[in-house]
Amino acid sequence: MPFFSKSKKGSLKGPKRRAGSLSRFGAISMPTLVPLPEGPNLTSQDSQKQDDNLAIKLQLDENELIFDSNTGQWFSEPPTGGTNAANLRKQNITLQEQNNALRLKNEILMDMVVALKADLSARDKEIEMLSG
């Protein structure tokens with residue numbers, strides 16, 4: 001039986017599988033076109049086309065990125081609630097306090113281990129002197 005010929009029984013391959021989503025992020029939205037806010041360089045009286053006054057808006061989780069086609073740059077809008085930053089600050093302070101407490105506990109335990117090691121060493125020397 002030759003190695004490279006097709007078998008008579010058919011293919012041993014299983015059913016074809018469909019590719020799943022390649023995105024690791026669950027909260028990615030499709031980019032949308034939104035009108036740019038009017039600023040000092042951009043007014044409604046400009047004779048530019050309507051397409052030039054549109055930006056690409058991309059929302060990633062709670063963050064929002066906007067591409068300005070006039071400048072060719074991405075910029076982000078701050079979250080509207082502002083509570084997220086306050087919660088993160090509180091959580092950061094709590095974690096720092098916990099970290100300091102754990103460092104103190106670790107230092108105390110290390111001091112206890114050093115003291116016990118010194119006591120054992122002194123007892124071993126005392127036993128050697130009595131037996132020897």
Side-chain angles (χ1 to χ4, degrees):
M1 181 168 119
F3 288 113
F4 299 109
S5 68
K6 293 184 180 180
S7 68
K8 294 180 182 179
K9 295 181 181 178
S11 176
L12 297 177
K13 294 180 183 178
K16 292 185 179 182
R17 298 180 184 164
R18 293 185 180 196
S21 172
L22 298 177
S23 173
R24 293 184 194 159
F25 309 107
I28 297 178
S29 65
M30 294 299 294
T32 56
L33 292 176
V34 296
L36 283 174
E38 293 186 11
N41 298 333
L42 194 64
T43 62
S44 59
Q45 297 168 348
D46 285 338
S47 61
Q48 296 176 348
K49 289 191 246 173
Q50 183 67 22
D51 291 341
D52 290 343
N53 199 19
L54 293 177
I56 298 173
K57 188 181 221 182
L58 180 65
Q59 180 136 7
L60 300 172
D61 216 6
E62 294 178 3
N63 301 322
E64 190 170 79
L65 297 173
I66 297 177
F67 181 76
D68 185 0
S69 60
N70 294 329
T71 61
Q73 294 182 351
W74 288 93
F75 63 93
S76 64
E77 287 185 354
T80 55
T83 58
N84 192 18
N87 287 339
L88 288 176
R89 284 189 193 104
K90 288 179 185 178
Q91 185 179 11
N92 190 14
I93 290 170
T94 304
L95 290 174
Q96 286 177 349
E97 290 172 353
Q98 289 176 355
N99 193 17
N100 289 337
L102 290 173
R103 284 184 185 179
L104 182 61
K105 287 180 182 180
N106 190 19
E107 188 175 333
I108 290 170
L109 288 173
M110 291 301 290
D111 288 344
M112 291 171 65
V113 167
V114 168
L116 287 174
K117 180 69 175 169
D119 287 344
L120 287 175
S121 178
R123 285 184 186 172
D124 286 343
K125 287 182 183 179
E126 193 175 309
I127 290 173
E128 284 180 17
M129 289 181 64
L130 292 175
S131 66

M129: hydrophobic cluster co-members (side-chain, 4.5 Å):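 Besides M129, the cluster holds no residue at all.
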Other ILVMFWY residues reachable from I127 by side-chain steps of under 4.5 Å: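 Besides I127, the cluster holds no residue at all.
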With N99, the side chain to side chain contact (heavy atoms under 4.5 Å, CB included) member among R103, E97, Q96: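 In the set R103, E97, Q96, the residue that makes a side chain to side chain contact (heavy atoms under 4.5 Å, CB included) with N99 is R103.
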Nearest non-hydrogen partners of L58 and W74, listed with the distance: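 Residues L58 and W74, closest heavy atoms: CB-CZ3, 4.3 Å.
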Please report, to 0.1 Å, the donor-acceptor pairs under 3.5 Å made by any side chain of residues 110-125, with sequence neighbours excluded.
none

Which residues share a side chain to side chain contact (heavy atoms under 4.5 Å, CB included) with Q98, sequence neighbours left out: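 Only T94, L95 meet the side chain to side chain contact (heavy atoms under 4.5 Å, CB included) criterion with Q98.
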